[in-house]
Participant: 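The structure is given below, and queries will be raised subsequently.
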Amino acid sequence: MERMGSPDRENSESWADHLEVLRGKIISVLAFFCISAVLLFSFAEVTAAFLLAPLEGLGVSLYYFRPYEKLLTYMRLAFWGGMVLTAPLALVQGWLFIRPALRRNEAKYLLIGGGIVPVLFAAGAAFAYRVIAPLALRFFLAFGEGDSILPLWGFGEYASFLFSLLLASGLVFQAPLLLLALLLSGAVSLRTITRLRPWIILFIGLAAALLTPPDVVSQILLGVPLYLLFELTLAVARIVMGRRDDSG
């Protein structure tokens, strides 16, 4: 009679299989990141043209002040650009890895949330690129007028400023998804959020003021979409929670 394997041995083999699967997924993500970064660096001039677009019509030229500054800036842009391009693949691979351990509803909500994250990030980054960045640059140029101090903008500092702005806006646009997750998980009640609506609107206004130049136009351009996303989140939460109650 053939002896059955011990539970400890079966568990160790199961963990080894999981780790091997995780290792393969990590390798695929890292390989995609390396390829993306190399391609972005190979087409560095295209990336630079993308970065320079918000400066069109402002009459500003960029300079680099150290022999290696331009090269290092291109390398940083390739690295962070590769991270951004790899993020959706990392989310998909992470979901595929934990999918077998999830219930059907958990897998569905996680899949929907994982699909919304890059969409919201892209929307926030595009909004900053098209609206906030040109307004901020015009404000900085207008602030520099009126005296004998002339602007001399460095390429590395400008690239860091623009990328930080895109990243910050993309992360801020994740707030509605986080709020929706808190509401659906029961960590925060819809009644509490509704009661705190005036304070949340005030917080949105303060966030818009901190993330934009100190002028009313740019603050409104960021604050209004954030407020609309907040109200849309509450509406979606009411619909989903209402269906959940009806089915329960």
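These numbers were taken from a predicted model, which means no experiment stands behind them. Below, all heavy atoms of this structure are taken into account, side chains as well, without hydrogens, waters or symmetry copies.
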Participant: For a 4.5 angstrom cut-off between non-hydrogen side-chain atoms, does Ile116 reach Phe121?
Facilitator: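 A side-chain contact under 4.5 Å is absent here.
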Participant: Could you go through Leu179 and Val188, starting from their C-alpha distance and side-chain angles, then the distance that decides it, and tell me whether this counts as side chain to side chain contact (heavy atoms under 4.5 Å, CB included)?
Facilitator: CA-CA 9 Å; Leu179 176 60; Val188 179; 5.5 Å; no
Participant: Between Leu178 and Gln174, is any pair of side-chain heavy atoms under 4.5 Å apart?
Facilitator: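 No - every pair of side-chain heavy atoms lies 4.5 Å or more apart.
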Participant: For the CZ atom on Phe43, are there more than 12 heavy atoms of other groups (residues, nucleotides or ligands in this structure) within a distance under 6.0 Å?
Facilitator: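 For Phe43, atom CZ is not crowded (no more than 12 foreign heavy atoms under 6.0 Å).
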Participant: Would you say Leu196 and Trp199 make side-chain contact, with heavy atoms under 4.5 Å?
Facilitator: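 They are in side-chain contact.
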Participant: Less than 4.5 Å apart, side chain to side chain, heavy atoms only: is that true for Leu89 and Gln93?
Facilitator: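 Sidechains of Gln93 and Leu89: in contact.
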Participant: What is the distance from atom CD1 of Ile26 to atom CG of Leu19, rounded to the nearest 0.5 Å?
Facilitator: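 Rounded to the nearest 0.5 Å, the CD1-CG separation comes to 9.0 Å.
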Participant: Take atom NZ of Lys70 as the centre, draw a 6.0 Å sphere, and report whether it contains more than 12 heavy atoms from other residues, nucleotides or ligands.
Facilitator: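 12 or below, so no.
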Participant: Do Phe163 and Trp80 have side chains that approach each other closer than 4.5 Å (heavy atoms only, starting at C-beta)?
Facilitator: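 Heavy-atom side-chain distance check passes, below 4.5 Å.
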Participant: Is Trp153 atom CH2 crowded by more than 12 heavy atoms from other residues, nucleotides or ligands, each under 6.0 Å away?
Facilitator: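 Enclosed: over 12 neighbouring heavy atoms sit under 6.0 Å from CH2 of Trp153.
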Participant: Check the pair Arg197, Phe230 against side chain to side chain contact (heavy atoms under 4.5 Å, CB included), reporting the backbone distance first and the verdict last.
Facilitator: CA-CA 9 Å; Arg197 178 188 271 112; Phe230 167 70; 4.0 Å; yes
Participant: Determine yes or no for a side-chain-to-main-chain donor-acceptor pair under 3.5 angstrom, with Ser36 supplying the side chain and Leu85 the backbone.
Facilitator: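 Side chain of Ser36 to backbone of Leu85, a donor-acceptor pair under 3.5 Å: no, none is there.
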Participant: Counting neighbours of CD on Glu157 that are heavy atoms of other residues, nucleotides or ligands and sit closer than 6.0 Å, is the number greater than 12?
Facilitator: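 For Glu157, atom CD is not crowded (no more than 12 foreign heavy atoms under 6.0 Å).
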Participant: About how many Å separate OG1 of Thr233 and CD1 of Ile193, when rounded to the nearest 0.5 Å?
Facilitator: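 Ile193 CD1 to Thr233 OG1: 10.0 Å, rounded to 0.5 Å.
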Participant: Between OG of Ser61 and CG of Leu52, what distance do you get to the nearest 0.5 Å?
Facilitator: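 So the OG of Ser61 and the CG of Leu52 are separated by 9.5 Å.
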Participant: Test: ring pair (Phe, Tyr, Trp, His ring centres under 6.0 Å). Region: residues 58-78. Which pairs qualify, not counting sequence neighbours?
Facilitator: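 Listed by first then second residue: Tyr74-Phe155.
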Participant: Is there a path of hydrophobic side-chain contacts, each under 4.5 Å between heavy atoms of I/L/V/M/F/W/Y residues, joining Leu228 to Ile200?
Facilitator: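 They do share one cluster, since a chain of ILVMFWY contacts under 4.5 Å joins Ile200 to Leu228.
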Participant: What I'd like to find out is whether the side chain of Phe33 reaches to under 4.5 Å of the side chain of Phe79, using heavy atoms alone.
Facilitator: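 With C-beta onward as the side chain, the pair touches.
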Participant: Please report the shortest heavy-atom distance between Ala125 and Ser169, naming the atom on each side.
Facilitator: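 Heavy atoms of Ala125 and Ser169 come nearest at N-OG, 4.3 Å.
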Participant: Calculate, to the nearest 0.5 Å, the distance between atoms CG and CD1 belonging to Leu229 and Ile204 respectively.
Facilitator: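 Result: 8.5 Å between the selected atoms.
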Participant: Going through the distances and angles, do Arg238 and Leu234 end up as a side chain to side chain contact (heavy atoms under 4.5 Å, CB included)?
Facilitator: CA-CA 6 Å; Arg238 290 191 184 97; Leu234 294 185; 3.8 Å; yes
Participant: Are any of the side-chain heavy atoms of Leu226 and Phe173 separated by less than 4.5 Å?
Facilitator: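 Yes, their side chains come closer than 4.5 Å.
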Participant: Give the cluster check for Trp95 versus Leu22: same hydrophobic cluster or not, with ILVMFWY residues linked at side-chain heavy-atom distances below 4.5 Å.
Facilitator: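 Linked within one cluster.
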Participant: In terms of hydrophobic clustering (I, L, V, M, F, W, Y; side-chain heavy atoms under 4.5 Å; direct or indirect links), are Ile132 and Tyr227 co-clustered?
Facilitator: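 Same cluster.
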Participant: Looking at every non-hydrogen atom in both residues, tell me the closest pair between Leu162 and Pro54 and how far apart they are.
Facilitator: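 The answer is CD2-CG, 4.2 Å.
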Participant: Taking ring pair (Phe, Tyr, Trp, His ring centres under 6.0 Å) as the definition, give me every residue that meets it alongside Phe50, ordered by chain and number, with sequence neighbours left out.
Facilitator: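 Phe50 satisfies ring pair (Phe, Tyr, Trp, His ring centres under 6.0 Å) with Tyr129 only.
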Participant: Do Leu137 and Tyr158 pass the side chain to side chain contact (heavy atoms under 4.5 Å, CB included) test, and can you show the C-alpha distance, the side-chain angles, and the key distance before you say yes or no?
Facilitator: CA-CA 10 Å; Leu137 296 172; Tyr158 169 78; 4.0 Å; yes
Participant: In terms of hydrophobic clustering (I, L, V, M, F, W, Y; side-chain heavy atoms under 4.5 Å; direct or indirect links), are Val84 and Leu39 co-clustered?
Facilitator: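 Shared cluster, no.
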Participant: With the side chain counted from C-beta on, respond yes when Leu40 and Leu77 share a heavy-atom pair under 4.5 Å apart, and no when they do not.
Facilitator: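 Leu40 vs Leu77: side chains apart.
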Participant: Is it true that a side-chain atom of Ser160 and a backbone atom of Gly156 form a donor plus acceptor pair closer than 3.5 Å?
Facilitator: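 Yes; at least one donor-acceptor contact below 3.5 Å.
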Participant: Report yes or no: do Val119 and Leu167 belong to one cluster of Ile/Leu/Val/Met/Phe/Trp/Tyr joined by side chain heavy-atom distances under 4.5 Å?
Facilitator: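 Different clusters.
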Participant: Tell me every residue that passes side-chain hydrogen bond (donor to acceptor under 3.5 Å, both in side chains) with Ser164, counting only those two or more places apart in sequence or in another chain.
Facilitator: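 For Ser164 there are no side-chain hydrogen bond (donor to acceptor under 3.5 Å, both in side chains) partners, ignoring immediate neighbours.
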Participant: Tell me whether the count of non-hydrogen atoms from other residues, nucleotides or ligands lying under 6.0 Å of CZ in Arg76 goes above 12.
Facilitator: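 Result for CZ/Arg76: enclosed.
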Participant: Any chance you could measure Arg195, atom CZ, to Leu190, atom CG, to the nearest 0.5 Å?
Facilitator: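 Interatomic distance, Arg195 CZ to Leu190 CG, rounded to 0.5 Å: 11.5 Å.
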Participant: Working to the nearest 0.5 angstrom, can you tell me the gap between Leu177 CG and Leu182 CG?
Facilitator: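 The distance works out to 9.5 Å.
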Participant: What are the two closest heavy atoms between Leu51 and Ala159, and how far apart are they?
Facilitator: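 Taking every non-hydrogen atom into account, CD1-CB, 4.1 Å.
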